[in-house]
Amino acid sequence: MTTRPFQMEGFFCIFIYMDKQKIKILSGHSAEGGSTTIWINLTNLLNENGYDAKFYGPHGFHLDKCNGALIQDFRFEPDDIIIAHVIGFNSRPNVKKVIYGCHEKWWGQISDDNTFWDVAVFNHQAQRDFHKDYTGPYVFIPNPKEPLIPKDKSELDLIAGVIGTIEDRKQTHISIERALADGCTKIKLFGVLHPSKYYTEHMLKYENDDRIEFVGFTTDKQGMYDSIGRVYHSSKGEVSCLVKDECQYTNTKFFGNEETLHQVSELSNQEILQLWEELFK
């Protein structure tokens with residue numbers, strides 16, 4: 001908090017200015033993907049509600065989508081509240097609070113060894129159960145929602161989408177085969193495509209298939225969901241599948257697997273914000 005005197009003839013006033021609480025989101029991954037989208041959305045939600053939030057990461061995807069910076073520009077300050085994601089410190093930094101935002105399972109368990117945070121955030125109970133070696137403080141907070149609008153999909157029912165990086169973990173080819181088996185006439189692939197052994201072994205055969213359209217990664221989510229009636233998701237590892245959530249918001253049928261059994265949160269963004277604010281105290 002800062003104060004500034006103000007004087008005019010016959011009056012002397014002191015104006016009180018409340019400094020915005022600094023929230024620094026620090027992630028070891030900020031390229032295209034679900035966790036990056038989540039941190040972008042949280043950064044924007046915090047800034048829209050009076051916080052000074054900035055998202056730091058090693059890749060540049062987030063820079064024009066929120067108040068963002070590269071990780072080399074990050075500096076600790078005593079009054080900081082840090083939200084850390086897939087990144088670690090040798091000891092707890094000298095800041096106001098450290099929160100570990102856990103969005104993963106398959107990359108390994110967090111544990112009580114080398115714990116540098118004050119509290120961990122999980123999405124739901126099943127994810128917390130996976131990290132059974134961690135016995136410290138934790139809370140559950142779902143992902144912020146994007147302003148997506150539903151529409152009638154009756155004429156799009158057999159046009160399917162497969163959303164996510166085209167890779168082994170996402171099992172893109174399994175989703176394609178499931179969609180074809182269900183009679184889909186068109187399958188659009190929305191995701192980053194990297195040359196790889198997986199692509200050569202499982203995806204190359206679809207390049208000349210007129211039913212398969214390689215759209216690529218898109219930031220126009222509304223346009224993406226408006227162009228498809230259903231989504232197939234066959235990932236080997238998910239925590240709280242963002243695609244499943246978005247399908248519910250956009251009236252898009254979702255065909256997942258055992259990795260996507262989580263319930264879609266009914267909380268509003270303001271209710272989600274309140275959960276974060278409890279942690280900031």
Side-chain angles (χ1 to χ4, degrees), residues 23-47 53-75 82-89 99-110 117 121-123 127 141-146 148 161-173 175 188-200 202-203 213-225 231 233-247 259-260:
I23 312 293
K24 294 180 180 178
I25 299 174
L26 181 63
S27 178
H29 177 82
S30 56
E32 302 92 339
S35 65
T36 303
T37 298
I38 290 164
W39 297 128
I40 289 170
N41 292 343
L42 180 59
T43 303
N44 289 333
L45 178 63
L46 291 171
N47 283 321
K54 183 171 283 191
F55 175 18
Y56 296 83
H59 314 100
F61 174 74
H62 66 302
L63 296 179
D64 62 347
K65 299 171 182 64
C66 66
N67 184 22
L70 293 175
I71 204 165
Q72 57 262 35
D73 298 322
F74 172 80
R75 299 291 184 275
I82 304 295
I83 302 174
H85 169 249
V86 293
I87 199 165
F89 310 112
I99 300 165
Y100 189 76
C102 187
H103 283 283
E104 285 72 35
K105 291 193 301 184
W106 59 94
W107 287 353
Q109 295 187 25
I110 63 171
W117 58 85
V121 173
F122 297 109
N123 290 109
Q127 183 203 12
I141 303 181
N143 301 322
K145 297 173 170 61
E146 294 187 50
L148 297 170
V162 181
I163 302 170
T165 302
I166 298 174
E167 61 179 356
D168 179 67
R169 185 174 67 83
K170 292 295 187 182
Q171 294 287 278
T172 310
H173 69 292
S175 292
K188 299 183 177 185
L189 307 183
F190 300 95
V192 177
L193 190 162
H194 298 297
S196 63
K197 181 180 178 182
Y198 171 79
Y199 183 84
T200 301
H202 297 289
M203 299 299 299
E213 181 181 353
F214 289 80
V215 180
F217 179 83
T218 178
T219 57
D220 180 13
K221 285 190 178 180
Q222 188 67 59
M224 176 178 70
Y225 284 107
V231 165
H233 203 76
S234 307
S235 176
K236 290 180 179 179
E238 294 291 338
V239 172
S240 184
C241 180
L242 199 59
V243 173
K244 179 179 180 179
D245 298 4
E246 293 167 350
C247 283
E259 292 290 325
T260 58

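Quick caveat, the model's predicted, so the values are computed rather than measured. What you see below is based on every heavy atom in this structure, not just the backbone, and it leaves out hydrogens, waters and symmetry mates.
Salt-bridge check for Asp168 with Lys197: failed, with every basic side-chain N at 4.0 Å or more from each acidic carboxylate O.
For the atom pair NZ (Lys105) and CG (Asn123), the distance works out to 10.5 Å, reported to the nearest 0.5 Å. For the atom pair Ile25 CD1 and Asn67 CG, the distance stands at 10.0 Å (nearest 0.5 Å). Put simply, OG on Ser35 and CD on Glu104 are 5.5 Å apart, with the number rounded to the nearest 0.5 Å. How far OG1 of Thr165 is from CG of Leu189: 12.0 Å, rounded to the nearest 0.5 Å. In this structure, CD1 on Ile71 lies 7.5 Å from OG on Ser30, to the nearest 0.5 angstrom. Atoms SG and CG, on Cys247 and Leu148 in that order, are 10.0 Å from each other to the nearest 0.5 Å.
Closest non-hydrogen pair, Leu63 versus Gly68, comes out as CD2-C, 3.7 Å. Smallest separation of non-hydrogen atoms from Ala53 and Thr43: O-CG2, 3.8 Å. Pairing each heavy atom of Thr172 with each of Tyr198, the nearest pair is N-OH, 2.9 Å. The heavy-atom pair separating Thr260 from His233 by the smallest distance is CG2-CD2, 3.7 Å. Taking both residues in full, the closest heavy atoms of Ile163 and Tyr225 are given as CD1-OH, 3.6 Å, listed atom of the first, atom of the second, then distance.
By the side chain to side chain contact (heavy atoms under 4.5 Å, CB included) test, Asp220 pairs with Thr218, Gln222, sequence neighbours left out. Partners of His62 under the ring pair (Phe, Tyr, Trp, His ring centres under 6.0 Å) rule, at least two apart in sequence or in another chain, are Phe55. For Phe214, there are no ring pair (Phe, Tyr, Trp, His ring centres under 6.0 Å) partners, not counting sequence neighbours.
Counting heavy atoms from C-beta on, the side chains of Leu242 and Ile38 come closer than 4.5 Å. Within the 4.5 Å cutoff, no side-chain heavy atoms of Phe74 are placed close to those of Ile87. A 4.5 Å side-chain heavy-atom check between Asn47 and Ile23 finds every atom pair outside the cut-off. Contact of the Phe122 side chain with the Val239 side chain is not registered, since no non-hydrogen atoms from C-beta on lie closer than 4.5 Å.
Put simply, the side chain of Arg169 never gets that close to the backbone of Ile166: no donor and acceptor are under 3.5 Å apart. One N or O on the side chain of Ser175 and one on the backbone of Ser234 form a donor-acceptor pair closer than 3.5 Å. Lys24 places a side-chain N or O within 3.5 Å of a backbone atom of Arg75 that can act as its donor or acceptor partner. Side chain of Thr36 to main chain of Glu32: no donor-acceptor pair is present (N/O by atom type, distance under 3.5 Å, no hydrogens or angles).
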Set out, in order, the CA-CA distance, both residues' side-chain angles and the distance that settles side chain to side chain contact (heavy atoms under 4.5 Å, CB included) for Glu238 and Gln127, then state yes or no. CA-CA 9 Å; Glu238 294 291 338; Gln127 183 203 12; over 6 Å; no

Run the side chain to side chain contact (heavy atoms under 4.5 Å, CB included) check on Ile83 and Val121 step by step: do they pass? CA-CA 9 Å; Ile83 302 174; Val121 173; over 6 Å; no

Please determine whether side chain to side chain contact (heavy atoms under 4.5 Å, CB included) holds for the pair Lys221 and Glu146, giving the CA-CA distance in whole Å, both sets of side-chain angles, and the decisive distance to 0.1 Å. CA-CA 9 Å; Lys221 285 190 178 180; Glu146 294 187 50; 2.7 Å; yes

Determine, step by step, whether Met224 and Val215 satisfy the side chain to side chain contact (heavy atoms under 4.5 Å, CB included) criterion, reporting the C-alpha distance in whole Å, the side-chain angles of both residues, the deciding distance to 0.1 Å, and the verdict. CA-CA 10 Å; Met224 176 178 70; Val215 180; over 6 Å; no

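The cationic group of Lys65 lies under 6.0 Å from the six-membered ring centre of Phe61 and within 45° of the ring axis, placing it in a cation-pi geometry.
Of the candidates His85, His103, His59, Ser27 forms a side-chain hydrogen bond (donor to acceptor under 3.5 Å, both in side chains) with just one, namely His85.
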